[in-house]
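Working notes, structure below.
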Amino acid sequence: MDKMPKWADVLLIPLISVILALLASGAVVAFIGENPIEAMSIMIRGAFGSAYGWGYTLFYSTNFIFTGLAVAVAFHARLFNIGGEGQAALGGLGVAVMALSVPWPHWSFALIGCTVAAAVFGAAWAAIPAYLQAKRGSHIVITTIMFNFIASALLVYLLVNVFRVEGSMAPETARFPAATHLPNAATFAGFLGFRASTPLNISFFVALAACLAVWLLIWRTRLGYEIRAFGHSETAAIYAGINPVRITMIAMLISGGLAGMMAINGVQGEAERLVIDSVQGAGFVGIAVALMGRSHPVGVFLAALLFGALYQGGAELEFEMPAVSREMVVVIQALVILFTGALDNMVRMPMERLFLAFRPSGAAAAGAATAHHSADDATKPE
């Protein structure tokens with residue numbers, strides 16, 4: 001019997017964790033002599049108070065949806081993929097290669113081609129740590145972290161020596177052709193007040209489609225069942241005939257592909273060229289998003305929206321409240337990650353005890369059933 005209802009695990013515990021994180025953040029803001037209530041109102045207004053704020057909030061959320069889904073898929077196979085940063089960076093390389101090498105007739109075709117390229121490049125970068133884990137026993141956490149740094153160095157080399165525009169000192173590719181530019185929010189939702197400078201673009205809907213696809217994969221397919229079974233018990237999965245090497249490789253390939261797809265938002269949709277550090281930490285934020293979202297696509301979407309709001313609201317807070325520096329905003333974001341991830345049991349264990357305390361009838365019924373079975377056993381003939 002579960003210690004608490006499913007809704008409490010998915011909604012109540014993350015909500016309490018966020019509230020505790022915001023209270024701790026308020027204490028930090030008060031410590032530096034600012035009004036925490038005013039700071040919170042600035043963040044909320046900056047993230048949700050205008051079409052401008054919504055545009056940036058959803059833009060950041062799109063990145064976090066992709067990286068959060070990437071980590072979530074790996075989690076279901078009990079694989080801790082910390083390589084989303086490098087996989088997303090290589091996904092950007094795939095987008096750049098596809099956008100610059102093919103004469104696309106329309107943005108819709110370019111979106112499909114760049115999405116496939118981003119997923120393939122991201123999956124390829126995840127395949128090496130996956131193989132080392134499956135065949136050589138190398139720990140996936142160590143190898144994926146190492147590959148983040150290798151990806152960063154590789155991308156710098158390519159942008160400086162291969163893709164840099166001749167005569168330019170900027171380590172970036174040429175601007176993508178106009179036919180590859182994705183429609184932004186001003187194009188498809190201008191009636192809501194979005195402007196041409198809004199970074200939110202059509203890739204947001206690709207992220208929503210990815211949420212649906214992951215849900216169907218994990219809970220409505222045989223492969224998804226095998227991934228979850230392997231994650232719950234590798235020994236039982238092997239006994240049932242599930243190949244651990246196959247599941248490890250497939251789960252990590254899907255995870256890397258989802259992380260790589262983040263590039264269609266930032267590289268193709270917003271920058272329209274590949275620059276250094278196009279990921280900007282979204283791969284690591286995806287870990288917190290997956291943890292907070294309980295590795296469920298709906299939870300990942302809601303957690304990504306929260307972190308998108310924190311990023312956009314934090315930028316507005318830094319602008320309107322000069323005493324709150326950029327580093328202080330990072331502290332606030334880190335506190336949310338800390339409470340929703342590392343300190344999850346600090347909320348979970350008291351809540352489990354609370355729900356158990358308010359279920360005396362269930363406990364009594366369980367006790368009565370146990371006594372009944374014991375009595376039956378005692379009366380059975382030897």
Side-chain angles (χ1 to χ4, degrees), residues 61-77 79 81-102 104 107-131 140 144 147-148 150-151 154-155 158 173 176 180 182 201-218 221 223-224 227 246-272 274 278-279 282-283 286 289-290 297 300-301 304:
S61 299
T62 303
N63 290 336
F64 302 149
I65 289 172
F66 283 121
T67 56
L69 289 175
V71 176
V73 170
F75 273 168
H76 281 294
L79 297 168
N81 179 17
I82 311 186
E85 195 82 1
Q87 292 148 20
L90 266 292
L93 179 62
V95 168
V97 170
M98 189 63 72
L100 293 172
S101 61
V102 178
W104 298 102
W107 67 263
S108 58
F109 296 104
L111 175 61
I112 295 172
C114 290
T115 300
V116 172
V120 169
F121 274 62
W125 199 248
I128 305 173
Y131 177 84
I140 199 75
T144 49
F147 269 67
N148 285 336
I150 298 172
L154 175 63
L155 205 60
L158 292 174
T173 66
F176 298 162
T180 67
L182 300 182
N201 58 78
I202 205 77
S203 61
F204 172 71
F205 299 104
V206 180
L208 296 182
C211 288
L212 177 61
V214 169
W215 179 79
L216 291 173
L217 168 69
I218 298 298
T221 66
L223 174 61
I227 289 174
R246 172 176 169 268
I247 292 300
T248 299
M249 291 298 300
I250 291 177
M252 282 299 294
L253 287 174
I254 296 172
S255 178
L258 286 166
M261 287 170 62
M262 193 210 89
I264 63 173
N265 183 45
V267 176
Q268 184 184 9
E270 195 264 336
E272 297 173 347
L274 180 60
S278 60
V279 184
V289 169
V300 166
F301 171 77

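One is the number of the first residue; the rest follow in order along the sequence.
The two residues W104 and A99 have their closest heavy-atom pair at NE1-CA, 4.0 Å. Closest non-hydrogen pair, C211 versus I65, comes out as SG-CG2, 3.6 Å. Heavy atoms only, all atoms of each residue included: F147 and W125 are closest at O-NE1, 3.0 Å. The two residues G83 and T144 make their nearest non-hydrogen contact at N-CB, 3.4 Å. Of all the heavy atoms in I82 and N148, the pair that sits closest is O-ND2, 2.9 Å. G68 approaches V289 most closely through the heavy-atom pair CA-CG1, 4.0 Å.
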Quick one: side chains of residues 246-269, donor-acceptor pairs under 3.5 Å with protein atoms, not counting sequence neighbours, listed by atom name and distance.
from, atom 1, to, atom 2, distance (Å)
R246, NH1, E226, OE1, 2.8
T248, OG1, P244, O, 2.8
S255, OG, A70, O, 2.6
S255, OG, N81, ND2, 2.7
N265, OD1, N201, ND2, 3.1
N265, OD1, S203, OG, 2.9
N265, ND2, F59, O, 3.1
N265, ND2, N63, OD1, 2.8
Q268, NE2, T180, O, 3.1

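Between the CZ atom of F75 and the CD1 atom of I218 there is a distance of 13.0 Å, given to the nearest 0.5 Å. Taking CG of L69 as the reference point, atom CZ of F301 lies at 11.0 Å (rounded to 0.5 Å). Interatomic distance, M98 CE to T115 OG1, rounded to the nearest 0.5 Å: 10.0 Å.
Residues meeting the side-chain contact (heavy atoms from CB on, under 4.5 Å) test with T221, sequence neighbours left out: L217, L223.
Inter-residue side-chain proximity for V214 and V73 is flagged as met; some heavy-atom pair is nearer than 4.5 Å. The shortest distance between side-chain heavy atoms of V102 and F109 does not fall below 4.5 Å.
Under the 3.5 Å distance criterion, the side-chain polar atoms of E85 are matched with a main-chain donor or acceptor of G283. Proximity of a side-chain donor or acceptor of S278 to a complementary backbone N or O of L274 within less than 3.5 Å is not detected.
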